[in-house]
Each structure stands twice: as structure tokens, then as C-alpha cells.
Novice: 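Sending over a structure as C-alpha cells; questions will come in a sec.
No hydrogens, no waters, no symmetry mates; every other heavy atom, side chains included, goes into these values. Here the structure is a predicted model, which means the values were calculated and not measured.
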Amino acid sequence: MPDPTSPAPLDVTDAEAAEINRISHPLLSDPAPDADDSLARIDSTPAGEVFITINRPARKNAFDAATIAALREAFETLHGADHVRVVFIRGAGGTFSAGADLGWMRDAATWSESDNREDAMGLARMLKALHDIPALTVAIVEGAAMGGGAGIVAACDMAVAVDGAKFAFSEVKLGLIPATIAPYVIEAVGARTARALFLTGNTMDADYAAHVGLIDMVLPDAAAIDSFVTMLTDSLQANAPGAMGESKRLVNDLAGQEIDHRLMEDTARRIARARVSDEGREGVGAFLDKRKPRWA
């Protein structure tokens with residue numbers, strides 16, 4: 001349970017609050033179809049760290065409808081968790097995700113266009129749920145992140161990969177296109193690089209993935225993962241969880257907008273609201289008093 005002295009939740013409308021309450025409740029009123037909680041394992045710590053593991057190691061964590069639905073529910077549950085600072089996502093068994101499950105692809109080949117559209121919306125909803133988590137999201141890639149797996153990497157705020165990891169958007173080799181993951185890949189690497197990655201379909205190593213901006217750091221080996229997690233989580237303890245969520249919302253809302261008077265007024269309103277918030281008053285007061293804020 002969150003500490004009752006923790007900062008107030010994000011400023012949201014009544015409609016947003018109702019939606020957050022719905023999706024953060026363990027019994028969702030509108031669960032994703034075919035969801036299986038065992039396919040997306042969730043672990044957390046009192047310090048506000050959450051670990052989501054794609055848990056299908058026998059199939060190298062390949063996606064099917066049930067896995068996608070389980071991940072979507074896991075991500076949606078975190079939308080209202082204002083005490084969470086960071087969410088790490090990784091795959092069980094040393095592989096992040098091999099992409100689409102072959103059996104799932106075989107079935108989809110027999111479906112109508114309408115059925116395929118609804119099926120694809122499952123992946124689109126899952127990725128949007130990940131993208132909209134207020135906390136910092138971090139993909140930790142071992143082995144491979146292919147197709148939709150690489151799409152999850154792109155939809156996170158940060159990503160690291162162990163040396164030797166492989167990435168690919170190889171849909172064109174199957175006569176397909178990386179449609180549902182495209183918005184996140186384009187945001188991560190830019191339009192020109194996305195065109196090159198999508199049209200060649202070539203496999204890239206971790207160094208090249210870092211070069212194009214798909215990941216942020218290459219770790220020397222799997223043994224370095226724990227040290228990275230500790231380093232990042234320790235650095236985040238000084239940060240106010242609510243301010244982190246508002247900062248993420250700030251970027252999402254302002255990206256690509258023209259800098260005009262309306263935008264200037266919007267940003268001024270946001271900082272003014274932050275200054276008079278419980279977190280803002282506590283943080284500035286702690287700084288002036290030369291003490292740690294209550295969330296640290």
C-alpha cells in the first residue's frame with residue numbers, strides 16, 4: 001500500500017480519475033480478451049520499482065493474443081499507480097521477445113481482413129497502454145527483440161541491451177508491414193532511419209541499435225543488468241513521483257507543437273500549478289531547509 005504521506009496523485013479530470021480507478025482495480029470491468037496473468041509477471045518493491053516480465057520462455061516470449069492481452073492489462077494497471085517511479089520490462093529465459101508466434105501467424109493467415117484488423121488492434125492497444133504509463137519505462141533486452149518485441153522497446157522511455165542482442169523489423173520479408181509499432185519506432189529513431197529499418201528488414205546488433213537511437217546503452221553482459229537497475233533506481237529516489245509523471249505528460253503533450261502564445265501560456269500554467277502543489281512546496285522547502293524531501 002502507498003505511504004499515506006506520499007505526494008498527491010497527478011492532477012486529472014474527473015473522467016480521467018474514473019478511468020484510472022477502473023483500470024487500477026484488480027478486477028477490471030472490461031478485461032482484455034484471452035488474458036492470462038501468468039504470461040506477464042509483475043513484481044514490485046516498496047520503493048516504487050516495478051518489474052514486468054514477458055513470461056513465455058519456451059516460445060522465446062513470442063507474442064500471441066493471450067500474451068498481448070496479459071501485457072496490456074499489466075500496463076493499464078500501472079496507469080493509476082502514482083507512487084511508482086520506474087517500470088522495467090524484460091523477457092524470461094534470456095530472450096526479450098522473438099516477435100510474433102508462428103502458430104498465431106498461421107491462424108491469422110486464414111482470417112478475414114476484419115478479423116485481422118481487430119486482432120491488430122490488440123497489439124495497438126497494448127503498446128498505447130505501455131506508452132501511457134506515467135512512470136519511467138525501461139526495456140532491458142537480452143537475446144533478441146524482433147518485430148513487435150522491438151516495438152515494445154521503442155514504446156518505452158529508455159532501453160538498454162546486453163552486448164550480443166539482436167533487433168529487426170523484418171515484416172517486409174514476409175510481405176507485411178510494421179504498422180502498429182511504427183508510431184513508436186518513428187518517435188524513437190526518426191522518420192528517415194525508420195524508413196531504412198523498415199524497408200531493408202535487416203537484423204542489427206546492439207551497437208547499431210544504440211547508434212540509431214532504438215536503445216540508450218549497451219551493457220557488457222547479463223551480469224551487468226543488476227548493477228544498471230540499482231544505479232537507475234537509486235538515482236530516481238530523489239525524484240518526486242508526481243513530478244516525474246507530469247514531466248512525461250509534458251513531453252507527450254508538447255512534442256511537435258508550434259511554439260506560439262497558446263503553448264507559452266500552457267507551459268506557464270503547468271509550472272505555476274507545480275509550484276503550488278504539495279510536491280512542489282515540499283521539494284522547494286526541503287531544498288531551502290537543506291534536508292531531504294519526504295519522498296527521498
Novice: How long is the gap from CG on L71 to CG on L39, to the nearest 0.5 Å?
Specialist: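 Separation between the atoms: 8.0 Å.
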Novice: In terms of heavy-atom contacts, does CD of Q257 have more than 12 from other residues, nucleotides or ligands at under 6.0 Å?
Specialist: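 Enclosed.
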Novice: How far apart are the C-alpha atoms of R59 and D64, what are their side-chain angles, what is the distance that settles it, and do they pass the salt bridge (Lys or Arg N to Asp or Glu O under 4.0 Å) test?
Specialist: CA-CA 10 Å; R59 305 290 292 178; D64 59 5; over 6 Å; no
Novice: Mind checking whether V86 and V50 have side chains closer than 4.5 Å, heavy atoms only?
Specialist: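 They are not in contact (no side-chain heavy atoms under 4.5 Å apart), so the answer is no.
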Novice: Could you tell me whether the side chain of E49 reaches within less than 4.5 Å of the side chain of Q237, counting heavy atoms only?
Specialist: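 When only atoms from C-beta onward are counted, E49 and Q237 do touch, with a gap below 4.5 Å.
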Novice: To check you understand the geometry: which heavy-atom pair defines the closest contact between F167 and M146, and what is its length?
Specialist: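 Minimum heavy-atom separation between F167 and M146: C-SD, 3.9 Å.
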Novice: Do I89 and F96 have side chains that get closer than 4.5 Å, going by heavy atoms?
Specialist: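 With C-beta onward as the side chain, the pair touches.
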Novice: Mind checking the CG-NE2 spacing from L130 to H79? Nearest 0.5 Å is all I need.
Specialist: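 Here the rounded value is 8.0 Å.
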Novice: Under 4.0 Å between a Lys/Arg side-chain N and an Asp/Glu carboxylate O for R125 and E118?
Specialist: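 Yes, charged N to carboxylate O under 4.0 Å.
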Novice: Short question: side chain of T110, backbone of D107 - any donor-acceptor pair under 3.5 Å?
Specialist: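 Yes; judged by distance alone, with no hydrogens or angles, the pair exists.
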Novice: Within a 6.0 Å radius of atom NZ on K60, are there more than 12 heavy atoms belonging to other residues, nucleotides or ligands?
Specialist: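 Counting neighbours around NZ of K60, 12 or fewer heavy atoms of other residues, nucleotides or ligands fall under 6.0 Å, so no.
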Novice: Quick check: do V284 and L288 have side-chain heavy atoms less than 4.5 Å from each other?
Specialist: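 Yes, at least one pair of side-chain atoms sits under 4.5 Å.
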Novice: Any side-chain heavy atom of E279 sitting closer than 4.5 Å to one from E246?
Specialist: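 E279 does not reach E246 side chain to side chain.
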Novice: If you take all heavy atoms of R72 and M126, which pair is closest and at what distance?
Specialist: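 Scanning both residues, the minimum pair turns out to be N-CG, 3.7 Å.
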Novice: From L232 CG over to R85 CZ, what is the distance, rounded to the nearest 0.5 angstrom?
Specialist: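 Interatomic distance, L232 CG to R85 CZ, rounded to 0.5 Å: 11.5 Å.
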Novice: Is the shortest side-chain heavy-atom distance between E265 and H261 below 4.5 Å?
Specialist: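 With C-beta onward as the side chain, the pair touches.
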Novice: Please tell me if the side chains of R56 and S97 come closer than 4.5 Å, counting only heavy atoms from C-beta onward.
Specialist: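 No, side chains not in contact.
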Novice: Restricting to non-hydrogen atoms, name the atom on T95 and the atom on A144 that form the minimum distance, rounded to 0.1 Å.
Specialist: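 Smallest interatomic distance, heavy atoms only, reads CG2-O, 3.8 Å.
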Novice: Take D266 and R262, measure what salt bridge (Lys or Arg N to Asp or Glu O under 4.0 Å) needs, and give me the verdict at the end.
Specialist: CA-CA 6 Å; D266 180 38; R262 180 199 57 80; 5.1 Å; no
Novice: Can you list everything that forms a side chain to side chain contact (heavy atoms under 4.5 Å, CB included) with D221? Sequence neighbours excluded, please.
Specialist: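 With sequence neighbours excluded, D221 shows a side chain to side chain contact (heavy atoms under 4.5 Å, CB included) to A223, A224, given in chain and number order.
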Novice: Would you please test F88 and M158 for side chain to side chain contact (heavy atoms under 4.5 Å, CB included) and show each step?
Specialist: CA-CA 9 Å; F88 294 100; M158 288 180 61; over 6 Å; no
Novice: Do V229 and M244 belong to the same hydrophobic cluster, where Ile, Leu, Val, Met, Phe, Trp and Tyr are linked whenever their side-chain heavy atoms lie under 4.5 Å apart, directly or via other members?
Specialist: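 Result: yes, single cluster for both.
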Novice: Determine whether more than 12 heavy atoms belonging to other residues, nucleotides or ligands lie under 6.0 Å from atom CZ of R106.
Specialist: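 For R106, atom CZ is not crowded (no more than 12 foreign heavy atoms under 6.0 Å).
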Novice: On a heavy-atom basis, which atom in R281 and which in V276 lie closest, and how many Å separate them?
Specialist: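 Nearest pair, atom of R281 first, then V276: NE-O, 3.2 Å.
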Novice: For the residue pair A65 and D119, what are the closest heavy atoms and their distance?
Specialist: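 That would be CB-OD1, 4.4 Å.
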Novice: List the atom pairs, with distances to 0.1 Å, where a side-chain N or O of residues 203-220 and a protein N or O form a donor-acceptor pair under 3.5 Å, not counting sequence neighbours.
Specialist:
from	atom 1	to	atom 2	distance (Å)
D205	OD1	D207	N	3.3
D205	OD1	Y208	N	2.8
D216	OD2	A159	N	2.8

Novice: Give a yes or no on whether I259 atom CD1 has more than 12 heavy-atom contacts from other residues, nucleotides or ligands under 6.0 Å away.
Specialist: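 For I259, atom CD1 is not crowded (no more than 12 foreign heavy atoms under 6.0 Å).
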Novice: Nearest 0.5 Å, what's the CG-OG1 distance between N61 and T67?
Specialist: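 Here the rounded value is 8.0 Å.
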Novice: For the pair N55 (side chain) and S38 (backbone), establish whether a donor and an acceptor sit closer than 3.5 Å, ignoring hydrogens and angles.
Specialist: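 Judged by distance alone, yes, a pair lies under 3.5 Å.
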Novice: Going by the ring pair (Phe, Tyr, Trp, His ring centres under 6.0 Å) test, which pairs reach into residues 103-126, not counting sequence neighbours?
Specialist: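 Every pair satisfying ring pair (Phe, Tyr, Trp, His ring centres under 6.0 Å) with a residue in residues 103-126: there are none.
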Novice: Can you name the side chain to side chain contact (heavy atoms under 4.5 Å, CB included) partners of K292, sequence neighbours left out?
Specialist: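 Partners of K292 under the side chain to side chain contact (heavy atoms under 4.5 Å, CB included) test: A296.
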Novice: Considering only heavy atoms from C-beta outward, does the side chain of I52 approach that of F75 to under 4.5 Å?
Specialist: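 They are in contact (side-chain heavy atoms under 4.5 Å apart), so the answer is yes.
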Novice: Could you tell me which non-hydrogen atom of T180 sits nearest to which non-hydrogen atom of A120, and how far apart they are?
Specialist: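 Result for this residue pair: CG2-O, 3.7 Å.
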Novice: Enumerate donor-acceptor pairs with a distance under 3.5 Å from any side-chain N or O in residues 134-142 to protein atoms, sequence neighbours excluded.
Specialist:
from	atom 1	to	atom 2	distance (Å)
T137	OG1	D157	N	2.9
T137	OG1	D157	OD2	3.1
E142	OE2	R90	NH2	2.7

Novice: Supply the atom-to-atom distance I186 CD1 to R195 CZ, rounded to the nearest 0.5 angstrom.
Specialist: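 With rounding to 0.5 Å, CD1 (I186) is 9.0 Å from CZ (R195).
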Novice: Which value, rounded to the nearest 0.5 Å, describes the distance between T45 atom OG1 and F51 atom CZ?
Specialist: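 So the OG1 of T45 and the CZ of F51 are separated by 6.5 Å.
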Novice: Evaluate the side chain to side chain contact (heavy atoms under 4.5 Å, CB included) criterion for residues L127 and L123: first the C-alpha distance (whole Å), next the side-chain angles of each, then the deciding distance (0.1 Å), finally the verdict.
Specialist: CA-CA 6 Å; L127 291 168; L123 179 58; 4.1 Å; yes
Novice: State plainly whether the residues D253 and R270 are in salt-bridge range, i.e. N to O under 4.0 Å.
Specialist: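 Yes, charged N to carboxylate O under 4.0 Å.
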Novice: Which atom pairs, donor and acceptor, lie under 3.5 Å between side-chain atoms of residues 169-179 and protein residues at least two apart or in another chain?
Specialist:
none

